[in-house]
Amino acid sequence: MTTPTMRAARFCRADGRLRVAEVPVPQPGPSDVLVRVEACGICLSDVHMIDGTLDCPLEEVTPGHEPAGTIARVGAEVPYWQPGRRVVIAPGRACGSCRHCGDVQGCLAPQTMGQNWDGAWAQYVVTPFQTLVEVPDGVPIEQAAICADAVATPFSGIVERGGLRPGERAGVWGVGGLGVHAVQIARLAGASLVVAVDPLDSARRRALEAGADHAFDPTATDVPEQVRRLTDGEGLDLTAELSGAGSALAQAVSCLGRYGRAVMIGMSPQPIHLTENTILFGYFNHSVLGHDGYTRRHLTQLMRLLAAGRLDLSRSVSEVLPLEEITRGVERLRTKAGDPVRLVVRP
Ligand SMILES: [Zn+2]
Ligand SMILES: [Zn+2]
């Protein structure tokens, strides 16, 4: 019997290249599910793994950690799930060997699909059943897919980590593929003011369309001064920083009011430098909160918001590409040609 094969984009660490190749279809273990991938987003962290900024733990791997599709096969011990169900996948799993292992939130060394094991820039992907969330009828599969990172990460950062409450005043620094959703989520969570900050004119326009009340260019405007003007001198309750730029985080912190929280969602190897002096930081009870990931519950909540029409992601998928054009997609995201929100591959 010949092993069935599929097409997958393989990243090789040694030469830093990405190639589409014919590889065996992965086999699900007893508590895994095999999913036929119908859409998978291209994330900046994929770009960074390919350009070497982010370490790739494997010699060779199929990237892709923002997948949705249809269940093709289930392992012998998988409850509930059946072939034919449409699913979106939360791309984290527990390491399987630490003393707190069992669930991905408890695990000391959680792993990510597309980095620690083969991801979804392929026709099929294997994932533990605990990572699955059902996609409601009527929700486009591309929109479900991008929720797995580009929407769920800022959702969890703002609502859970930052604890944004109705009536609070919020700011979003960096209105790219995640930031535009941060603006929408801040509105949805009941912020009474949403300020967006981005040096790109197209990003500021997008922020205003997504529900920001004001959008500022940090290279042309005194942003802290504008924030004080808009808040009767009180400052913001919550800021979310998504660009990874140290200067943006420092500015976000300088716009905080009393008990203000700055959630750091964007990542970069730059050191954290806050321009604010420690007396002000302590006196105003400021916090800076690192943030990564989300729980499966957040993905479920996003599916409900989409199905109910409360959250509109119809403008978030900038292009859908075939697998053969994955390299062009990665390059387009790297150069930000046409300022895409999210590029999605359909293998
Ligand atoms: Zn990502
Ligand atoms: Zn573990």
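Order of appearance sets the numbers: ligands from 1, and atoms from 1 within every ligand. Numbering of residues begins at 1 and proceeds along the displayed sequence.
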Does Cys98 bring an N, O or S atom to within less than 2.8 Å of the Zn ion (ligand 2)? yes
Can you give me the OD2-the Zn ion (ligand 1)-SG angle for Asp149 and Cys43, to 10°? 110°
Would you say the Zn ion (ligand 1) has Glu66 as a near neighbour, meaning an N/O/S atom of that residue under 2.8 Å away?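 Of the N, O and S atoms in Glu66, none lies under 2.8 Å from the Zn ion (ligand 1), which means no.
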Taking only Lys NZ, Arg NE, NH1 and NH2, and the carboxylate oxygens of Asp or Glu, determine whether [X] and [Y] approach each other closer than 4.0 Å.
X      : Y      : answer
Asp201 : Arg204 : yes
Arg187 : Asp213 : yes
Arg169 : Glu234 : yes

Between the side chains of Ser45 and His48, is a donor N or O closer than 3.5 angstrom to an acceptor N or O?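 Looking only at side-chain atoms, His48 and Ser45 do not form any donor-acceptor pair under 3.5 Å.
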